[in-house]
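Naming: A, B, ... by sequence-line order, numbering from 1 per chain. Here the structure is a predicted model, which is why all the values come from computation and not from measurement.
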There are 2 protein chains.
Amino acid sequence: MITTKKKRNTLQKTKILEYLHSVHTHPTAEVVYENIKKKIPMISLGTVYRILNALADDNEIIKLEVNGEFRYDANNCGHIHLICTKCGIISDREMNKKLDLNFSDFSVHCFSLIIKGTCKKCSRRVK
Amino acid sequence: MITTKKKRNTLQKTKILEYLHSVHTHPTAEVVYENIKKKIPMISLGTVYRILNALADDNEIIKLEVNGEFRYDANNCGHIHLICTKCGIISDREMNKKLDLNFSDFSVHCFSLIIKGTCKKCSRRVK
DNA sequence: CTGATTGCAAAGGGTTTGCATTGGA
DNA sequence: TCCAATGCAAACCCTTTGCAATCAG
């Protein structure tokens, strides 16, 4: 059994969580960094990454991957994330049907399904 | 209208597709590279990446992201990909229920749902 | 006090790209 | 012949890390 080490609440962590709860844009670490800098000018990108990853590990937020970079989202279970693989935009949808997500050998952290495809705007651009 | 430039069939591309159709392991570009090298010793990693991305763009294969790296899979629609965010293992499941994946403003390329969580083995390791 | 957390900057590592060469149609 | 595709290696760029300083509990 790995002992959980005690965690501290810092201004950096508080502000980042606050920010994530205030937006619905699935920001990248870079975007979070730029916004937190307005309130904590001396914060560093590395710290933002560390806090975001820690929060994701604790399942307080969701970590998504789109086109080679990570995006973070305050935990909203029960949503479907539609990710356009062309432009990277992410839109949330409600599930219109109960999904049977009970697997005997796999524990789903959260009902946030990720579906990739092409959004309306991008599909207009004929290949 | 963007004109589609004509494509050529090369040994490299043929072998890579052949390989992807022969496995069910969702290999990384690196793994594909190592395996193709057995047949085409002089092939380069860059070429593997270029071919894999081209195939994914043409929707001939699926490009998945797990823990910061890409994995490729011969197109198998109608599957659920269970991705363990701890160890990165990917297992396929059949869908036991028809999903309503018709969105008015989003075209789903393929019914390959990606669900992240923790596999049995990793969940045994208590945090 | 203690040691978890931060800032800074360098290192890491998967992926992309520029360019000369090769080779498919 | 023509230009897409390749090989090679350097460049990219997002993310992670080491370390000394800092600060929450």
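Between the CD1 atom in A:I62 and the OH atom in A:Y72 there is a gap of 13.0 Å [rounded to 0.5 Å].
The separation between B:I36 atom CD1 and D:dA5 atom P is 17 Å, rounded to whole Å. Taking atom CD of residue A:Q12 and atom P of nucleotide D:dC23, one finds them 9 Å apart after rounding to whole Å. Taking atom CG on A:L52 and atom C1' on C:dT6, their separation rounds to 14 Å, with Å as the unit. For B:L17 and D:dA5, the CG to P distance is 14 Å, given to the nearest whole Å. Between A:I51 atom CD1 and D:dC23 atom C1' the separation is 13 Å, expressed in whole Å. Rounded to an integer number of Å, the gap from CD of A:E65 to P of C:dG14 is 14 Å. Atom CD1 in A:I43 sits roughly 15 Å away from atom C1' in D:dC23 (whole-Å rounding).
Note that the two end axes of the helix from C:dC1-D:dG25 to C:dA25-D:dT1 enclose an angle of 50°, each drawn from 5 base pairs, rounded to 10 degrees.
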Validation: residues 35-46 of chain A side-chain donor-acceptor distances under 3.5 Å, sequence neighbours left out:
residue : atom : partner : partner atom : Å
A:N35   : OD1  : A:K38   : NZ           : 3.3
A:N35   : ND2  : A:Y19   : OH           : 3.2
A:N35   : ND2  : A:V31   : O            : 3.0
A:S44   : OG   : A:T47   : N            : 3.3
A:S44   : OG   : A:T47   : OG1          : 3.1

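Applying the side chain to side chain donor-acceptor pair (under 3.5 Å) rule to B:D105 yields the partners A:R93; only residues at least two apart in sequence or on another chain are considered. Remark: A:T25 pairs with A:V23, A:P27 by the side-chain contact (heavy atoms from CB on, under 4.5 Å) rule, at least two apart or across chains. With sequence neighbours excluded, the residues satisfying salt bridge (charged side-chain N to carboxylate O under 4.0 Å, His left out) with A:E18 are A:K15. A:E65 pairs by the side chain to side chain donor-acceptor pair (under 3.5 Å) definition with B:K116, not counting sequence neighbours. Residues satisfying the side chain to side chain donor-acceptor pair (under 3.5 Å) criterion with A:K63, sequence neighbours excluded, are A:N53.
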Are there any protein N/O atoms within less than 3.5 Å of an N/O atom in nucleotides 22-25 of chain C, and if so, which ones and at what distance?
residue : atom : partner : partner atom : Å
C:dG23  : N2   : B:R8    : NH1          : 2.5
C:dG24  : N2   : B:R8    : NH1          : 3.4
C:dG24  : N2   : B:R8    : NH2          : 2.6

What one-letter contact string describes nucleotides 9-22 of chain D from 5' to 3', where B marks a base within less than 4.0 Å of any protein heavy atom, S marks contact via sugar-phosphate atoms alone, and - marks no contact? -----SBBBB----
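With a 4.5 Å cut-off on side-chain heavy atoms, B:V48 and B:Q12 do not count as touching. At least one side-chain heavy atom of A:L52 sits under 4.5 Å from a side-chain heavy atom of A:L20.
Environment of CD1 in B:I89: sparse, with no more than 12 heavy atoms of neighbouring residues, nucleotides or ligands closer than 6.0 Å.
Side-chain contact annotation: B:D73 with B:H24, donor-acceptor N/O pair under 3.5 Å absent.
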